[in-house]
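Scroll down for the structure; my scribbles are underneath it.
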Amino acid sequence: MTIINHPKTYSPIGVFDSGYGGLTILKELVATLPQYDYLYLGDNARAPYGSRSFDTVYEYTLECVKALFDQGCELVILACNTASAKALRTIQQKDLPKIAPNKRVLGVIRPTTEIVGNYTKTKEVGIFATSGTVTSQSYVIEIEKFFPNIKVFQEACPMWVPLIENNELDGVGANYFVEKHVQQLLQQSQNIDTVVLGCTHYPLLKSLIEKHLPKNIHILTQGSIVANGLKDYLFRHPEMEARISKTKSLNFLTTDSTELFDGHASLFFGQEVKSKHQVL
Ligand code: DGL
């Protein structure tokens, strides 16, 4: 009897975010690992996730992960700190064994917390993130595991994502809210020498954050950290690496209007984007 193994023709790396922020991660993934196929899904219709409850973020994230699995993804990156903080562990431990035991879902918090200790000399680190990520305490818990002597100071910035999603980067509003949260973080400690932009939207505010932060404070963005983390993961998991298709394709899905998405996404991704609508 001959068993024919049909080669899987399309098995991209799925990259998920509540909206546009994950595109800052995708950009670095493609630059670092250009050989793979990528499929991005932005849940723009329900963004932002940052102030939503644990149950809602979990439910929305799981729906999106399933949609990416249905499109052929074997590996999905939650390129969203809020989803990584509130949904990743439950999806990995409870859902995957039932719905897709051979597939994998990874987040963005762990690769960031693994390396943060390489940057700080004062051992005091600041985290800018959404309210959801801050209240989950994920950064505090994860950094403690790798660097127990580092003190973590968190600042929730609930207005930053709405300002970015609404293309209000240059206005007085963005300047006001960035200055406010930078000051509030610095009031917690004068010794912070490293800050993490713990939301994938925030790289778009980097120059404004730099303007208000003292020059000696190092700003960590997650794109290249996550890309190097994935490179390392695929090296350590050759069985997964072999399952990812490699035709260098890039596809984009949004749960909201494709016109809106395409018009805004290039700001995050740095090149033109043509998306398709995803029904959940
Ligand atoms: N970009 C997402 C993150 O990294 C969250 C944005 C949102 O509030 O939906 O946390």
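Remember, it's 1-based here, ligands and their atoms both numbered in the order they're listed.
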Any side-chain heavy atom of [X] sitting closer than 4.5 Å to one from [Y]?
X      : Y      : value
Gln184 : Leu186 : no
Asp43  : Leu280 : yes
Thr56  : Phe54  : no

Proximity to ligand 1 by part of [X], non-hydrogen separation under 4.0 Å:
X      : result
Val108 : neither
Thr130 : side chain
Asn81  : both
Ala47  : neither

Considering only the protein, which heavy-atom contact is closest to atom 10 (O) of ligand 1, and what is its distance?
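The closest heavy atom on the protein side is Thr82 OG1, 2.7 Å.
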
Determine the sole option in Phe252, Tyr40, Tyr20 for which the ring-ring contact (aromatic ring centres under 6.0 Å, His included) test with Phe269 is passed.
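Result: among Phe252, Tyr40, Tyr20, Phe252 is the only option passing the ring-ring contact (aromatic ring centres under 6.0 Å, His included) with Phe269.
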
For the aromatic rings, using the six-membered ring if either is Trp, is the centroid distance between Tyr60 and Tyr49 under 6.0 Å?
yes

In terms of relative ring orientation, are Tyr36 and Tyr38 parallel, tilted or perpendicular, with 30° and 60° separating the classes?
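Tyr36 vs Tyr38 ring planes: perpendicular.
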
Answer yes or no for Cys80: is there a heavy-atom contact with ligand 1 below 4.0 Å?
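Checking ligand 1 against Cys80, which is what was asked, there is a heavy-atom contact under 4.0 Å.
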
Please list, in number order, the atoms of ligand 1 under 4.0 Å from a heavy atom of Tyr49.
7 (C), 8 (O), 9 (O)

Asp17 heavy atoms within 4.0 Å reach ligand 1 at atoms 1 (N), 2 (C)

Between the candidates Pro48, Ser18, Gly50, Gly107, which shows the shortest non-hydrogen contact distance to atom 6 (C) of ligand 1?
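Residue with the shortest heavy-atom distance to the ligand atom: Ser18.
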
Tell me whether Glu114 is salt-bridged to Arg110, with the criterion being a basic N under 4.0 Å from an acidic carboxylate O.
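Counted as a salt bridge, because a side-chain N and a carboxylate O are separated by less than 4.0 Å.
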
Looking only at N/O atoms, are Thr200 and ligand 1 under 3.5 Å apart anywhere?
yes

